[in-house]
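Proteins come first, then strands; the chains are lettered A, B, ... in the order of their sequence lines, and each starts at number 1. Just so we're clear, the structure is a prediction, and the values are computed from it rather than from any experiment.
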Amino acid sequence: MTDAKSYNQEKFDSAINQINFRATIENQREKIKESFLNNCIYPYNGGFFNLSVSFLSEIHYLKMTQTGKTIILDINLNPVEIDDISAFNTDIKNHYFESLIEYKNQLSDLTKSRFISTMTKLDQDVEE
Amino acid sequence: MTFGFLYYAHNNDAVNYLKLAICSILSGQYHIKDFECQIVTDSESIKSLDFSDQIILSRICKNITIDNNYKHKKENYRNFFSANKNAGKQLWHNKTRPNAYNDSIFDETILIDVDFIFQDSNLKNLQGSNQSIMMNKDFICLLSDKRVNDINFITKEKLGNFSIPMFWATVVYFKKDSFAKEFFDVVNDIQDNYFYYQKLYQVDDSSYRNDYAFTIALHKMNGFKLPGKEYEIPYKFALMTQLDELFRVDPSSTKVIVDNRDPKLPYLLLNIENISYHCLNKFTLLIKYQQFLKAYNK
């Protein structure tokens with residue numbers, strides 16, 4: 001009877017550990033996503049732009065059709081003057097892809113983790 | 001145009017707000033280049049610091065404004081608690097924040113809570129914004145989306161059950177122009193007549209909260225219409241509630257024990273990285289004060 005009880009307890013503990021692992025990984029994944037979304041807000045000339053593939057395409061199109069100064073709408077629909085559309089296009093592309101690469105690396109580290117201590121970076125030494 | 005962060009730190013019997021301000025400034029200086037700040041505090045709070053902490057404070061903050069008249073306004077009380085500590089009702093000296101417009105020495109100011117810990121440099125991007133006033137409306141919850149839905153955790157606070165959505169006065173960006181001046185005049189008026197506004201806006205909380213006063217002021221300034229997205233700071237911060245505990249503080253990441261509000265899985269470990277957070281549990285910040293110094297005091 002005691003053995004059966006301890007066996008059940010073991011199974012229960014294992015299940016709880018598994019739930020804990022799944023819940024932690026899910027929660028951690030969401031926070032990485034939020035960090036990426038914060039990184040995708042790009043400030044320029046007093047306005048803020050939400051970097052996404054569609055926004056990059058829009059700017060790329062403007063770059064092809066216009067030169068020099070242009071005006072675009074930011075996330076609050078305020079018109080913002082862009083001094084040099086070509087330079088702006090390069091800057092936002094670099095910023096977006098740097099953020100995307102960081103996001104990908106963080107997610108890939110997370111999915112490779114097999115322990116909660118690894119995914120929460122608890123096993124890493126404190127930076128000096 | 002000068003740009004900087006403005007803190008208000010007046011200690012009470014339960015919490016040493018100046019120590020929290022030191023934690024916040026150290027983390028800010030670590031993540032933001034040319035981090036300029038100003039603290040409005042009082043002589044008693046400064047005396048409460050150890051000699052070594054006073055040296056750290058004078059090193060990290062060159063602009064310390066002493067305001068010993070902070071007790072002149074009507075007393076405000078609030079319950080100070082955490083997961084394992086209840087300090088009961090304590091004096092809450094939060095009524096001087098509406099003076100920020102006059103107190104600030106900067107052209108562009110971010111009025112910020114002392115329990116805000118920087119883990120990114122996003123707030124620096126607000127410099128040069130087109131807006132006169134900006135505040136946060138949404139925050140990042142430490143619980144997972146699924147758990148938030150399961151327990152109906154409120155991620156969008158309101159002033160009352162049937163009232164308008166709340167803006168957080170944790171981080172308030174303003175520039176010195178006529179709109180911001182009028183805004184802070186309105187906040188002061190709301191504070192002076194808080195009982196009336198509490199009833200008018202059906203505010204649930206009996207204590208005076210700057211979040212409420214600032215939200216009401218924004219609503220008034222917007223012609224009694226709900227303020228649009230242009231008043232929102234586009235960068236979200238994470239919100240650590242009073243029930244969450246700090247586990248370990250590293251230079252750009254913090255390990256937190258999150259209260260999962262689930263008897264089967266009561267706590268979750270979470271690594272907050274590259275996201276700044278507002279730590280409502282002030283006791284846990286004070287417990288980890290030495291870790292903050294070790295991690296950020298270079």
>> For B:Asp53 and B:Tyr289, which I'm curious about, is there any donor-acceptor pair between the side chains at under 3.5 Å?
In response: yes
> Parallel, tilted or perpendicular for A:Phe49 and A:Tyr44, by the 30°/60° rule?
Replying inline: tilted
> Heavy-atom distance under 4.5 Å to chain A: side chain of B:Asn274, backbone, both or neither?
Replying inline: both
> Under the 6.0 Å and 45° cation-pi test, does A:Lys33 pair with A:Tyr103?
Replying inline: no
> Which region of A:Asn38, side chain (C-beta onward) or backbone (N, CA, C, O), has a non-hydrogen atom less than 4.5 Å from a non-hydrogen atom of chain B, or is it both or neither?
Replying inline: both
>> Heavy-atom cut-off 4.5 Å, strictly under: side chain, backbone, both or neither for A:Ile41 against chain B?
In response: both
> When rounded to the nearest 0.5 angstrom, what is the spacing between CD in B:Gln131 and NZ in B:Lys175?
Replying inline: 8.0 Å
>> Within the 3.5 Å criterion, strictly below it, is a donor on B:Thr109 or B:Ser104 matched to an acceptor on the partner's side chain?
In response: yes
> Side chain, backbone, both or neither: which part of B:Leu269 has an atom under 4.5 Å from a heavy atom of chain A?
Replying inline: both
>> Please classify the contact between A:Glu30 and chain B as side chain, backbone, both or neither, with a heavy-atom cut-off of under 4.5 Å.
In response: side chain
> For A:Asn76, is it the side chain, the backbone, both, or neither that has a heavy atom closer than 4.5 Å to a heavy atom of chain B?
Replying inline: side chain
> At a heavy-atom separation under 4.5 Å, does B:Gln119 approach chain A through its side chain, its backbone, both, or neither?
Replying inline: neither
> Do you see a donor-acceptor pair shorter than 3.5 Å between the side chains of B:Asp120 and B:His31?
Replying inline: no
> chain A heavy atoms under 4.5 Å from B:Leu126: which part of the residue, side chain, backbone, both or neither?
Replying inline: both
> B:Lys255 versus chain A, heavy atoms under 4.5 Å apart: side chain, backbone, both or neither?
Replying inline: side chain
> Among B:Tyr296, B:Tyr30, B:Phe35, whose ring pair (Phe, Tyr, Trp, His ring centres under 6.0 Å) with B:Phe118 holds?
Replying inline: B:Phe35
> Do B:Tyr7 and B:Ser24 have side-chain atoms, one donor and one acceptor, less than 3.5 Å apart?
Replying inline: yes
>> Less than 4.5 Å to any heavy atom of chain B: does that hold for the side chain of A:Asn45, its backbone, both, or neither?
In response: backbone
> chain A heavy atoms under 4.5 Å from B:Leu265: which part of the residue, side chain, backbone, both or neither?
Replying inline: side chain
>> For chain A, which candidate among B:Leu268, B:Asn271, B:Ile140 shows the most heavy-atom pairs at distances under 4.5 Å?
In response: B:Asn271
>> With chain B as the partner, which of A:Ile116, A:Asn27, A:Asn78 has the greatest number of non-hydrogen pairs under 4.5 Å?
In response: A:Asn27
>> Is the ring pair B:Trp168/B:Phe139 parallel, tilted or perpendicular, if the boundaries are 30 and 60 degrees?
In response: perpendicular
